[in-house]
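Labels below follow one simple rule: chain letters A, B, ... track the order of the sequence lines, proteins then strands, and each chain is numbered from 1. It should be emphasised that the depicted structure is a prediction, and the values quoted were computed from it without experimental measurement.
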Amino acid sequence: MIRVSEEPFDPGAELTAFERAADGAGAVASFTGKVRARAASGAVNTLYLEHYPGLTEKSIAAIEAEARERWALEHVNIIHRIGRLNPGDPIVMVCVSSAHRRDAFEAADFLMDYLKTEALFWKKEITSGDEAWIEPRDQDYQDAARWRKEK
Amino acid sequence: MIRVSEEPFDPGAELTAFERAADGAGAVASFTGKVRARAASGAVNTLYLEHYPGLTEKSIAAIEAEARERWALEHVNIIHRIGRLNPGDPIVMVCVSSAHRRDAFEAADFLMDYLKTEALFWKKEITSGDEAWIEPRDQDYQDAARWRKEK
Amino acid sequence: MARILFFGKLGDLAGGRAREMALPADACNVAGLIAAIRESDVVLADALEEISVRAVVNEEMARADTAITDQDEIAFLPPVSGG
Amino acid sequence: MARILFFGKLGDLAGGRAREMALPADACNVAGLIAAIRESDVVLADALEEISVRAVVNEEMARADTAITDQDEIAFLPPVSGG
């Protein structure tokens, strides 16, 4: 399930729903990314996330398909907020179920790296009196590059 | 927080409580391991998990302390069932929060590997008419050994 | 009218996410579209030509020489930053 | 009376998780305790001596020559299998 929405989401409730759907899997890994309270500049941080309706969902589906080629996965949920977000709000959540734990862990890790660098989102950081579009950090590109070397 | 208990737990509710406690963290990783419906023999699988009260909790605290030495972590929750478990029941859940996602992912992965091979639990698999104490698979030992090589 | 979409910082530069535009006769591909935009907005055209900006035509990755018509949707994507 | 704990498969072999036992005079260490157990139960003693079984005295890792008294808790741990 891929969901791109302006609606806030509750990671615990999403995990409950996921576990119900993923009944029978031995392993469930989840990851939630949230808006930090403070931007790099130190000011209070709100975010504005933009997407390309339709193509963004396709770009996420392509990332999920690549994960399913690499690992033996059962259920995969990917939730991504758009619009205006406040400090502490969950931005992104991935849930992955599999028979064995290495598959779930590695796939969740991979999905996050690729969501950071390949999915079609644009993120603006808004602080008191300033705003700036964010690009991936070098660390994000390095994280994503790990998967090209390893397999 | 370390909890070893006969009480069933609900991973979604645990994640909700964890996220509330971990307010302000940028990254939250979780992992849940569950009883598989079928044992290796193919029969319906129930488990009986035994622990050494006091020392088991200490063995888990030592694993958490090692994770905190290796990664910059904020909150860590480790929940482990004991007693009799049925197919689909969650056995173990780890939740880890950190400022950056690599720390949360790697620490959760590490905690699970060490819970499998270092924490003081003994697991009996009970199928219709048979029961057998389980030892870690070679794969479990290999997973745990990764952390000795890498760092 | 072609539909032109600008994402992220490009939308701020363009003064809007979307623009309807009758393509000039010589704007038959992506490079021609940028040249047409350049006539009224050099800063935006320079930004569209940055190496990190990808062009998409009708939801397919495009290049400078990808053909376009008045029925197409052309989008310009700066580096992404999800998650 | 020393308190002896047997976990996992060792508890099944011993017919119980816990046993109160007055240590014989010559059972002054872990090896001596196993020797005393061997007098009534060879199968259990063999299992306790398996290389993969760890002995713990008063919640501290112990060895064959770790001293024990009637006030101690001695536990035998086969390979663990959590998670």
With only heavy atoms counted, which part of B:Asp109 is less than 4.5 Å from chain A, the side chain, the backbone, both or neither? both
Heavy-atom proximity to chain A below 4.5 Å, by part of B:Ala27: both
Heavy-atom distances under 4.5 Å only: say whether B:Arg102 touches chain A with side chain, backbone, both or neither. side chain
With a 4.5 angstrom heavy-atom cut-off, is it the side chain or the backbone of B:Ala25 that approaches chain A, or both, or neither? backbone
Which atom of A:Glu19 lies closest to which atom of B:Pro11, heavy atoms considered: OE2-CB, 3.5 Å
For A:Ser30 and B:Leu15, which heavy atoms make the closest approach, and how far apart are they? OG-CD2, 4.3 Å
Between B:Lys34, B:Arg20, B:His100, B:Arg101, the one whose heavy-atom pairs under 4.5 Å with chain A are most numerous: B:Arg101
Cut-off 4.5 Å, heavy atoms of chain B, and the answer for A:Ala13 is backbone
Of the listed residues (A:Ala108, A:Pro90, A:Ser97), which shares the most heavy-atom pairs with chain B below a 4.5 Å separation? A:Ala108
For each of A:Gln139, A:Lys116, A:Met93, tally heavy-atom pairs with chain B at distances under 4.5 Å, and name the one with the top tally. A:Lys116
Would you mind telling me which of B:Thr16, B:Asp143, B:Val94, B:Asp23 has the largest number of heavy-atom pairs within less than 4.5 Å of chain A? B:Asp143
